[in-house]
Amino acid sequence: MYRTIQQQLQARIQAILQQKYEVTLAQFAVEQPPAIAMGELALPVAFELAKRLRKAPRAIATELAAELNASLSELPLVASVEIAGAGYLNVRLDRAAVVREIAADRHADIGGPGFKLVEHTSINPNKAAHIGHLRNAILGDTFQRLLRSDAYKSGYQVGVQNYIDNTGVQVADVVVGLMHLEGKTLAGTRELMNDLASRNHRIDFYCWDLYARVSQWYTGGVDDATPPEPAELARRKQVRLDTLHAIEHGGNEAAEIAELISTAIVRRHLETMQRLGIEYDFLPRESEVLHLHFWDAGRQLMLEKGVLYLETEGKNKGCYVMRRAGNESEAPADGAPDEDAKVIVRSNGTVTYVGKDIAYHLWKFGLLPGKDFGYQPFYTYADERICWISTSGESAPNAPTFGRADAIYNVIDSRQNDPQNNVIAALRGMGFTDAADHYTHFSYEMVAMTPRCAIDLGYQLTDEDRQRPFIEVSGRKGYGVKADDLMDKLIAAALAEVDARHPELPAAEREQIARQIGIGALRYFMLRYTRNTVIAFDFKDALSFEGETGPYVQYAIVRAANIFRKDGSTPQAALQAVQSIDLSALSGDDGTSVWETWLLASRLSLLIEQAIATAEPAYLARYAFQLAQQFNNFYHKHHVLNEQDPAKKTLYLATAAVAMREMTRALAYLGIESPPVM
RNA sequence: GGGCGAGUAGCUCAAUUGGAUAGAGCACCGGCCUUCUAAGCCGGGGGUUGUGGGUUCGAUCCCCGCCUCGCCCA
């Protein structure tokens with residue numbers, strides 16, 4: 001509702017500016033005054049106009065206030081407009097009228113046409129998911145929820161992809177471990193998987209350790225009694241390279257083991273993410289990008305569009321290269337080679353990662369001629385939703401397609417800034433400016449560990465590392481907190497609390513509530529930081545259920561629900577009743593704290609809009625906390641069930657109802673469930 | 001060496017993208033459970049926003065220099 005009022009004010013002011021001064025402002029801010037006593041909305045528009053009109057801000061504000069006050073009939077929810085400070089226009093709302101609008105759940109809509117593709121998670125399928133992957137998946141999943149159409153907003157059509165690099169060097173390393181460290185064949189690998197499954201062990205955990213061992217084996221690590229000879233190290237490097245090439249080509253034992261193991265781990269990743277309420281629509285795989293020859297079509301198109309050319313001189317002689325972003329104007333005027341150009345195809349004919357990525361992104365926008373994946377069902381969720389996977393064979397009859405997006409969001413950490421910019425530059429260079437403009441690298445900083453946390457986990461740190469602000473998670477070293485381990489810990493901690501508080505509940509119910517709380521804490525923890533903040537992970541912070549956490553908000557909802565349970569009434573009835581009672585209790589000191597709760601509760605659509613526009617889910621997380629704080633404030637100030645004045649009691653009940661409604665919604669966008677009791 | 005990001009309370013982070021008195025959580029100190037759940041609430045201390053300049057009605061935010069840290073590239 002707050003958004004609607006902002007829009008109405010903006011429209012009205014635009015009309016006045018046009019009519020009175022013949023100026024139009026493309027955009028101007030509508031803020032909130034520092035204190036509610038000064039009104040509900042503040043317009044600094046007079047400052048903006050001071051330069052253009054060569055007039056003092058306060059004089060302009062005076063004229064605008066007069067115009068606005070004279071036409072209040074156009075703004076049914078505004079009570080008055082006054083001038084404050086050096087030229088602010090402060091707007092007071094008709095509290096009763098606004099409350100009735102909010103109670104009736106009238107709010108601005110969000111959404112529009114178009115298909116938006118969100119890609120997130122994209123974990124190398126060679127080891128267990130860790131806390132860094134959790135941040136990625138939780139950010140992506142939350143953003144997807146903000147975009148998608150639902151009961152609250154029209155939203156957009158959304159597809160969620162999880163890219164699987166199943167032919168990369170990381171998978172090859174695990175295959176090297178299985179074949180050369182453990183001497184396993186394809187049959188032996190099958191046996192291992194069956195054995196792990198029968199003992200309820202996780203294959204991704206097994207590979208976590210194996211991957212760390214292989215990484216050390218390459219550099220002559222712990223498995224050797226004496227350091228290996230240089231010739232032996234060279235042989236190991238060659239084994240790695242040969243395995244990688246074998247997997248890329250396919251049709252051999254290494255490739256089959258890679259397929260077997262990576263698919264099993266992908267399945268495990270889906271299970272891990274499902275615990276967090278995260279689901280996917282499609283898993284495009286690197287193997288299909290290769291086997292379906294996406295790059296051939298991409299290269300053809302790049303050559304036609306003139307962004308790819310054969311370098312004939314200098315250090316990149318014999319390579320196909322692309323000029324770097326921003327260098328178009330500095331093209332080699334004197335015919336000298338552009339040494340700064342990005343190599344796309346090496347002189348030996350192999351394609352770089354960026355090259356494959358350009359082709360893949362052309363496909364995402366439906367710009368790759370004649371190429372599409374085959375689609376087969378891979379995983380079915382509880383609600384019958386199907387997760388599809390790419391295949392180079394025939395598609396299943398009822399398969400959807402996922403290319404042809406109007407906008408894409410790639411949730412990838414900030415270390416991939418350069419490669420992502422290269423892809424965008426390629427699209428722009430090819431003349432696909434619309435695609436380039438709608439390509440969002442949803443960049444975020446990594447999750448690291450505090451040195452303290454790493455030591456607690458038993459990792460050997462150098463003295464230098466101990467002095468660092470944080471230690472990077474490293475699959476290669478085996479450093480990191482596994483996603484499933486962390487969830488287990490959080491749920492166990494929550495269960496201990498629930499057991500103590502609600503021994504009367506059946507065990508299954510207590511476990512369900514503990515799961516909701518543990519996951520709520522985790523998702524909130526990953527969302528409360530803005531994207532370009534490095535999270536230095538520590539168990540103490542992550543395991544907290546107090547203060548600015550998910551459980552704090554969940555608890556506020558439970559408190560609100562308890563009011564209705566004890567009262568024997570429903571939130572719906574309370575909101576309905578607001579339409580017909582006297583709302584004079586909204587004014588005065590007492591009423592103001594009630595009114596502030598309504599006002600804050602009415603901002604959800606505004607916050608969703610901002611979170612989408614800035615690709616910053618943290619704004620919504622913060623909002624959920626602030627609303628819960630505001631509600632707790634109200635809860636302690638006004639004892640609802642003891643209220644003797646019937647009109648006041650009805651208003652208070654409705655206040656609890658509206659806060660509960662919006663907190664529950666906000667949490668749902670964050671992917672956090674609201675437990676019935678806690 | 002080049003590119004990107006960051007530096008705000010003891011600690012971890014915000015600041016509606018240039019607005020009014022820079023706000024939260026944690027930690028610390030003090031108070032509040034016979035009331036709708038204390039996973040909560042109230043109060044307190046704690047700041048030259050790394051540093052030096054500039055832009056303007058107004059700068060934590062924008063521009064330039066310097067210092068420190070992280071990441072990426074070579």
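Worth knowing before you read on, the calculation uses all heavy atoms, side chains too, and leaves out hydrogens, waters and symmetry mates. Chain identifiers are assigned alphabetically (A, B, ...) following the order of the sequence lines, protein sequences preceding nucleic acid strands; residue numbering begins at 1 within each chain.
Of the candidates B:rG40, B:rC42, B:rC13, B:rC42 carries the atom nearest the A:Asn633 side chain, counting heavy atoms from C-beta on. Minimum atom distance to the side chain of A:Asn90 is reached by B:rA20, of the listed B:rC36, B:rA20, B:rC13. Nearest nucleotide to the side chain of A:Arg622, out of B:rC36, B:rC13, B:rC71: B:rC13. Across B:rU37, B:rA24, B:rC4, the shortest atom-to-atom separation from the side chain of A:Asn417 is found for B:rC4. Of the candidates B:rA39, B:rC73, B:rG5, the closest approach to any side-chain atom of A:Glu445 belongs to B:rG5. For A:Arg501, counting side-chain heavy atoms from C-beta on, the closest listed nucleotide (B:rG70, B:rA39, B:rC36) is B:rA39. Out of B:rA20, B:rU35, B:rG40, the shortest distance to the side chain of A:Asn642 is found at B:rU35. Taking the side chain of A:Tyr88 as heavy atoms from C-beta on, and the options B:rC36, B:rC13, B:rA20, the nearest nucleotide is B:rA20. Of the candidate nucleotides B:rG40, B:rU35, B:rU17, B:rU35 has the atom nearest to the side chain of A:His639.
The residue A:Gln554 sits apart from the nucleic acid: no heavy atom pair falls under 4.0 Å. If you check every strand for non-hydrogen atoms under 4.0 Å, A:Arg468 touches sugar and phosphate atoms only. A:Ala560 comes within 4.0 angstrom of nothing in the nucleic acid, heavy atoms only. Here A:Tyr555 lies in heavy-atom contact (under 4.0 Å) with a base. Counting non-hydrogen atoms under 4.0 angstrom, A:Ile517 reaches a base of the nucleic acid. Across all strands, A:His502 comes closer than 4.0 Å to base atoms (heavy-atom distances). Among the protein residues, A:Val677 comes within range of the nucleic acid bases, having at least one heavy atom under 4.0 Å from a base atom. Contact annotation for A:Glu472: backbone-only contact, meaning every heavy-atom pair under 4.0 Å involves sugar-phosphate atoms and none involves a base. At the heavy-atom level, A:Pro57 lies nowhere under 4.0 Å from the strands shown. Among the heavy atoms of the strands lying under 4.0 Å from A:Phe625 are primed sugar atoms or P, OP1, OP2 only; no base atom is included. Among the atoms of the strands shown, only primed sugar atoms or phosphate atoms (P, OP1, OP2) are found under 4.0 Å from some heavy atom of A:Asn532. Looking at heavy-atom distances under 4.0 Å, A:Ser414 makes no contact with the nucleic acid at all.
Separating the CZ atom of A:Phe564 from the C1' atom of B:rU37 is a distance of 16 Å, rounded to the nearest angstrom. When the P atom of B:rU16 is taken as reference, atom CG of A:Leu600 falls 16 Å away, rounded to whole Å. Going from atom CZ of A:Arg531 over to atom P of B:rG5 covers 12 Å, rounded to whole Å. Atom CD in A:Gln629 sits about 5 Å away from atom P in B:rG25, given to the nearest Å.
To the nearest whole angstrom, the two P atoms, one in B:rG46 and one in B:rG10, are 11 Å apart. The same atom, P, is picked in B:rU56 and in B:rC41; the two are 46 Å apart, to the nearest Å. Taking the C1' atoms as reference points, B:rG31 lies 40 Å from B:rU17, given to the whole Å.
For the pair A:Arg559 and B:rG40, the criterion of a side-chain N or O lying under 4.0 Å from OP1 or OP2 is not met. When the side-chain nitrogen and oxygen atoms of A:Asn562 are compared with OP1 and OP2 of B:rU37, one or more of them lie within a distance under 4.0 Å. Contact annotation: A:Tyr2 side-chain N/O to B:rU16 OP1/OP2 distance is not under 4.0 Å.
Between the side chain of A:Tyr635 and the base of B:rU37, no donor-acceptor pair under 3.5 Å is found.
Stems are defined here as 3 or more consecutive Watson-Crick or G-U wobble pairs with pairing distances under 3.5 Å; those involving RNA chain B are B:1-7 with B:67-73, B:10-13 with B:23-26, B:28-32 with B:40-44, B:50-54 with B:62-66.
For the atom pair A:Asn136 CG and A:Tyr444 OH, the distance stands at 3.5 Å (nearest 0.5 Å).
Seen from the ring of A:Tyr635, A:Arg559 counts as a face-on cation partner, given the 6.0 Å and 45° thresholds. Annotation: cation-pi pair A:Lys477/A:Tyr459 absent, no NZ/CZ under 6.0 Å from the ring centroid and within 45° of its normal.
Counting only residues at least two apart or on different chains, the ring pair (Phe, Tyr, Trp, His ring centres under 6.0 Å) pairs with a member in residues 645-678 of chain A are A:Phe634-A:Tyr652, A:His638-A:Tyr652.
Side-chain atoms of A:Glu548 and A:Tyr524 form a donor-acceptor pair, as typed in the model, at a separation below 3.5 Å.
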